Q: 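Take this structure first; my questions come after.
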Number of protein chains: 2
Amino acid sequence: MSQRPFHHGNLRAALLERAEAVLRERGLDALSLRELAREAGVSHGAPRSHFPDRAALLDALAERGFLRLDEEIRRAAVRERDDHARTLRAAASAYLGFAVREPALLDLMFATKVDEPPEAVRSAAERLFATMSGLMDAGVAAGAYPASDVARLTLLLSATVQGASTLVASRRITADQGEALIGDAIALLCSGAAAGR
Amino acid sequence: MSQRPFHHGNLRAALLERAEAVLRERGLDALSLRELAREAGVSHGAPRSHFPDRAALLDALAERGFLRLDEEIRRAAVRERDDHARTLRAAASAYLGFAVREPALLDLMFATKVDEPPEAVRSAAERLFATMSGLMDAGVAAGAYPASDVARLTLLLSATVQGASTLVASRRITADQGEALIGDAIALLCSGAAAGR
DNA sequence: ACCTGAACACCGTTCAAGT
DNA sequence: ACCTGAACACCGTTCAAGT
């Protein structure tokens, strides 16, 4: 029993943590329930108590990914809360940083689902979207654009940042090109949206 | 021998075609070399003659995906070649349509690579990027923006369309929301870029 | 050049049994 | 409630052998 004093009711947490490391270091293909169990010092059937199947583990990883990304964006945005364009740049840059550090996890978060994504994942993803929306609301307060445009501009910003992150994570462009890209996008968003109508 | 008159030197093509169907209907996880071999009526070792391993098959699928997407975008753009904004909308809409019809394939095309993507895939992806760049060049000719901005604006458009496609393919937004999004993006791109500098 | 078929190691999943 | 361990079906990969 002193062999594994580590898990006393926290096997679930240990599996998730180890899974995130494998994802980071060796990618999704290398992620195996049996290997995780082995490394945690439990039998191969043990994970089943916490995750009914492999898909359930992946869903939990995606959910945690969204929560972490949301948290990182919030923290970055709050540090630059005085200037709207700087706020957006800080948030987008945090998003891009996450993509660079956790490319396989980001893939998993936005992987195609044949059926609807599970409730917990959907909810975590919406929390992230709500955060982005909140950042745009601050822009309205600062007079950058009318309140009626917030929904569309939030979607536009989200898509652009997500696209830039995908291009960087899949090695189509460098991280620096990604940063320049979001800089251009935000400049266009702030100036164009103000001038437009 | 009349059992399989179908493959006489075209097993490779048969495997690819069948793999694309599986990807479309049941997703990446359901894609198995052994099943493909079974359905093609050959032994499980046969695919090895054409694809050294599973990753090689996936790379070939990604490469073909890029070539097809490029082709579809070119065809859509040429139909609306008279008006620059309409050209961009048609191209972006074709991209989005591809994402809706082939979400798992698009995932595969932009999947994270731990090491560099193979030459053939990289080359096909660059061909797509070159097509996008060519569309923007036409905008320069039409006086929509200075030639010096083409590289950055191409990247910006590519990222936004890719992001919108990911959001649609992963069921975060509907296809209609995706269309509206790219409409906004292109309007902003054309007007903002002209007014900006 | 292309395909067969046995062999190996690994995997996800199920389930009766233990504590 | 949580974990063990045997069992099953499936998979990717290797390789000697065939044509």
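Throughout, a chain's letter reflects where its sequence line sits, starting with A, and its residues are numbered from 1. Fair warning: this is a prediction, and the values are worked out from it, not measured in the lab.
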Q: To the nearest Å, how far apart are B:D29 CG and C:dT13 C1'?
A: 15 Å

Q: Just so I know, are the side chains of A:T160 and A:L181 near enough to count as touching, which here means a heavy-atom distance under 4.5 Å?
A: yes

Q: Rounding to a whole Å, what distance do you find between B:L36:CG and D:dC11:C1'?
A: 12 Å

Q: At 4.0 Å (heavy atoms only), tell me whether B:H44 reaches a base, stays on the sugar-phosphate, or touches nothing.
A: base

Q: Whole angstroms only, please: what is the CZ-C1' distance between A:F51 and C:dT14?
A: 19 Å

Q: Quick one: is B:H50 getting a side-chain N or O under 4.0 Å of the C:dC3 phosphate, OP1 or OP2?
A: yes

Q: Quick check for you: among D:dC3, C:dC11, C:dG5, whose closest atom lies nearest to any side-chain atom of A:L11?
A: D:dC3

Q: Between B:S32 and D:dC11, does any side-chain N or O lie under 4.0 Å from OP1 or OP2?
A: yes

Q: Output the rounded distance in Å from CZ (B:R34) to C1' (D:dG12).
A: 7 Å

Q: Out of B:E71, B:E102, B:E20, which one pairs with B:R64 under the salt bridge (Lys or Arg N to Asp or Glu O under 4.0 Å) rule?
A: B:E20

Q: If you take all heavy atoms of B:F110 and A:S170, which pair is closest and at what distance?
A: O-CB, 3.5 Å

Q: Would you say that B:T174 contacts B:V168 through its side chain, given a criterion of any heavy-atom pair below 4.5 Å between the two side chains?
A: no

Q: Rounded to whole angstroms, how far apart are CG on A:N10 and P on D:dC2?
A: 12 Å

Q: Answer whether the closest heavy-atom distance between the side chains of A:T112 and B:L106 falls below 4.5 Å.
A: no

Q: What dot-bracket string describes DNA chain D from 5' to 3', counting Watson-Crick and G-U wobble pairs whose defining distances are under 3.5 Å, with [ ] for crossing pairs and | for pairs to another strand?
A: ||.|||||...|||||.||

Q: Give a yes/no on whether any side-chain N or O of A:S49 is located under 4.0 angstrom from OP1 or OP2 of D:dC2.
A: no

Q: With sequence neighbours excluded, give me every side-chain hydrogen bond (donor to acceptor under 3.5 Å, both in side chains) pair touching residues 48-61 of chain B.
A: none

Q: Specify the separation, in whole Å, of atom CD of B:E35 and atom P of D:dC11.
A: 6 Å

Q: Base, sugar-phosphate alone, or nothing: which one does B:R54 contact when heavy atoms must sit under 4.0 Å apart?
A: sugar-phosphate

Q: Given side-chain hydrogen bond (donor to acceptor under 3.5 Å, both in side chains), test A:T131 with A:R74 step by step and report yes or no.
A: CA-CA 7 Å; A:T131 293; A:R74 291 177 115 99; 2.7 Å; yes

Q: Nearest to the B:A46 side chain among C:dT4, D:dG5, D:dT13, which nucleotide is it?
A: C:dT4

Q: Tell me whether the OP1 or OP2 atom of D:dC11 has a side-chain N or O from B:R38 closer than 4.0 Å.
A: yes

Q: Rounded to the nearest Å, what distance is computed from the CG atom of residue B:L33 to the C1' atom of nucleotide D:dT14?
A: 14 Å

Q: Can you check whether any acceptor in the base of D:dT4 is under 3.5 Å from a donor in the side chain of A:R48, or vice versa?
A: no

Q: In whole angstrom, give the distance that lies between atom CG of B:L57 and atom P of D:dC11.
A: 14 Å

